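Since the structure comes first, as structure tokens, the remarks are kept for the end.
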Amino acid sequence: MSEEPRPSDPGDEEFREMLRQFLAGGGELDPAKLASAAGLPSDPELLNRLIGQLQQALQNSADGIDWNVGVEQATQLATRSSVVSTPGERSALEQALHVAALWLDEATEITSLTAEPALLSRTEWVKRTMPVWSQLAAPVADSIATALTQVLDDEGMGDTPGMEGVAQSAGRIMRNVGGTLFAMQLGQVVGRLSTEVVSGGDVGIPLLDGETTQAALVTQNVHEFGRGLDIPDDQVALYLAVRELAHARLFRHAKWLRLHLLTQIAEFSRGVRIDTERLQELAADFDPANPEELRDAMTSGALIPPKSPEQQAALGRLETMLALIEGWVDVVTLQATSRLPRADALAETMRRRRATGGPAESAFSTLVGLELRPRRLREAAAMWQSVTDAVGSEGRDALWAHPDILPGSQDIDDPSFLVTRLTGGLGEQDDDVDRALEELLGDEGERPTE
């Protein structure tokens with residue numbers, strides 16, 4: 001039984017006619033309506049700036065996503081809530097970073113950084129981390145832009161009388177518009193994240209470039225982190241400084257780690273596909289006067305269908321790596337802050353915070369379909385502690401020399417075999433490398449040829 005056609009709404013017809021005229025070169029498309037559909041704030045000054053960016057996207061003949069609109073929006077949101085730190089506050093954080101470096105020297109064999117840690121405002125954090133956020137979100141933005149073009153093709157615009165010559169141009173325009181709307185949403189998320197994060201490595205991934213800026217504290221957020229904890233500010237600052245320096249030292253020491261982690265994220269993101277049927281429904285029902293449904297679909301992740309088996313596997317590998325990183329940082333931080341009176345309370349607060357995430361990080365996970373929170377953080381920390389107890393910090397840190405010798409998911413579940421292997425207690429159960437060497441030196445089995 002076929003469905004009855006939906007009654008035509010005057011607002012729909014007006015919007016569609018405006019789109020037809022614009023694509024044919026005979027009219028203008030009101031970018032304010034598209035900006036509203038993206039869920040932009042109602043502030044006139046910011047909205048006017050973003051409308052200009054969107055208008056530029058509508059008129060852009062190039063095929064690509066301009067992330068400047070996202071950078072601008074994130075910067076504006078961060079600036080409005082940013083407070084300039086006093087010289088005394090900055091001096092206290094600099095002292096905390098200095099002490100944290102000395103404590104870490106006692107807890108890990110990994111050497112100190114080659115660049116001085118930075119003290120950033122919320123605005124500065126946005127500018128230094130936005131390139132990585134854009135890199136993480138680019139595959140999903142491209143999928144949405146491609147899906148919009150596909151929906152336009154499915155509508156048969158090229159078959160419409162009078163529209164044959166503009167179908168290709170329309171596809172490019174819709175692709176640019178879709179990418180720009182997504183960049184606006186990402187800018188909102190990053191702008192809100194700037195009010196939540198306390199450091200460069202707070203979300204677990206390397207957001208800083210690792211060269212000019214290796215470690216950083218967001219001064220305003222460090223001060224706000226300790227509110228309600230009934231812990232002296234200097235202890236809070238020192239604990240957060242140790243965590244940040246430990247995270248930064250790990251990524252500097254394991255030079256392969258940053259690229260490896262970002263590659264895993266890209267592998268997951270490339271598998272993201274957009275639900276074109278849902279997008280077609282939204283396009284058919286779109287009411288310019290009531291854009292909430294389109295905005296909610298973009299921000300709630302409704303356009304991203306359930307993960308494929310390949311994505312689930314990629315996500316599992318990524319979660320394991322994030323858990324290994326965070327678990328190592330937890331153990332090293334615990335060891336380095338052993339003389340800090342309230343270190344245990346701060347460690348539990350951080351673990352709970354890492355497990356739940358803030359509102360802005362939740363918004364990023366729904367927007368991109370990627371959750372950055374390690375699910376097995378406590379188990380990974382317990383594994384690293386077992387390794388530390390067995391072979392010391394030097395043996396523990398040596399496992400970061402190469403991804404092939406790094407512990408895996410099974411080691412997190414049960415570290416006993418890993419500990420036995422590291423302590424040389426395997427007996428006759430030698431690993432493959434040792435057995436191959438014995439065969440080679442003893443002239444047993446097949447010998448490799450050049």
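Owing to the predicted nature of the structure, the values given are computational and were not obtained by experimental measurement.
- Judged purely by atom type and a 3.5 angstrom limit, Glu89 uses its side chain to pair as donor or acceptor with the backbone of Thr86.
- With sequence neighbours left out, the ring-ring contact (aromatic ring centres under 6.0 Å, His included) criterion links Phe251 to His247.
- When the side-chain hydrogen bond (donor to acceptor under 3.5 Å, both in side chains) test is applied to Ser85, the partners found at least two apart in sequence or on another chain are Thr219.
- For Ser91, there are no side-chain hydrogen bond (donor to acceptor under 3.5 Å, both in side chains) partners, not counting sequence neighbours.
- Annotation: ring-ring contact (aromatic ring centres under 6.0 Å, His included) contacts of His260 (sequence neighbours excluded): Trp256.
- Of the possible donor and acceptor atoms, one in the side chain of Thr79 sits under 3.5 Å from a partner among the backbone N and O of Thr75.
- At a threshold of 4.5 Å between non-hydrogen side-chain atoms, the residues Trp400 and Leu324 count as touching.
- Using a 4.5 Å cut-off on side-chain heavy atoms (C-beta onward), Gln95 and Leu238 make no contact.
- Tyr239 OH to Arg342 CZ: the interatomic distance, rounded to the nearest 0.5 Å, is 12.5 Å.
- Here the straight-line distance linking atom CE of Met383 with atom CH2 of Trp328 works out to 12.0 Å at 0.5 Å rounding.
- Under the salt bridge (Lys or Arg N to Asp or Glu O under 4.0 Å) criterion, Asp411 pairs with no residue, sequence neighbours left out.
- Applying the salt bridge (Lys or Arg N to Asp or Glu O under 4.0 Å) rule to pairs touching residues 238-247 yields Arg243-Glu326, Arg243-Asp330, sequence neighbours excluded.
- Contact annotation: the side chain of Leu120 approaches that of Arg128 to within less than 4.5 Å [non-hydrogen atoms, C-beta and beyond].
- When atom types are taken as modelled, the side chain of Thr108 and the backbone of Leu104 share no donor-acceptor pair closer than 3.5 angstrom.
- Within the structure, every pair that satisfies the salt bridge (Lys or Arg N to Asp or Glu O under 4.0 Å) test and touches residues 310-322, not counting sequence neighbours, is listed here: Glu267-Arg317, Glu319-Arg375.
- Applying the salt bridge (Lys or Arg N to Asp or Glu O under 4.0 Å) test to every pair with at least one member in residues 223-236, sequence neighbours left out, gives these pairs: Arg122-Glu224.
- For the pair Val190/Trp125, a side-chain contact is recorded, criterion being any heavy-atom separation below 4.5 Å from C-beta on.
- Within 6.0 Å of atom CD in Gln312, more than 12 heavy atoms from other residues, nucleotides or ligands are found, so the atom counts as buried in its surroundings.
- Side-chain contact check for Thr111 versus His253: every heavy-atom pair is 4.5 Å or farther apart.
- Shown here are the side-chain hydrogen bond (donor to acceptor under 3.5 Å, both in side chains) partners of Asp413, two or more places apart in sequence or in another chain: Arg376.
- Heavy atoms only, all atoms of each residue included: Ala96 and Ala241 are closest at O-CB, 4.0 Å.
- We find the CD1-CG distance between Ile325 and Leu261 to be 5.0 Å, quoted to the nearest 0.5 Å.
- For the pair Ser199/Asp202, a side-chain contact is recorded, criterion being any heavy-atom separation below 4.5 Å from C-beta on.
- Contacts of Thr349 classified as side-chain hydrogen bond (donor to acceptor under 3.5 Å, both in side chains), with partners at least two apart in sequence or in another chain: none.
- In this view, Asp105 and Arg249 satisfy the salt bridge (Lys or Arg N to Asp or Glu O under 4.0 Å) rule, not counting sequence neighbours.
- For the atom pair CD (Gln76) and OG (Ser81), the distance works out to 11.5 Å, reported to the nearest 0.5 Å.
- Remark: Glu348 pairs with Arg351, Arg352, Arg378 by the salt bridge (Lys or Arg N to Asp or Glu O under 4.0 Å) rule, at least two apart or across chains.
- Within 6.0 Å of the CD atom in Glu109, the count of heavy atoms belonging to other residues, nucleotides or ligands exceeds 12.
- Side-chain contact between Leu217 and Val198: absent, with no pair of heavy atoms (C-beta onward) separated by less than 4.5 Å.
- Formation of a donor-acceptor pair under 3.5 Å by the Gln214 side chain with backbone atoms of Thr114 is found in this model.
- Of the inter-residue distances, the one linking Ser393 atom OG with Trp384 atom CH2 reads 12.0 Å to the nearest 0.5 angstrom.
- With rounding to the nearest 0.5 Å, the separation of CG in Leu240 from CG in Leu346 is 7.0 Å.
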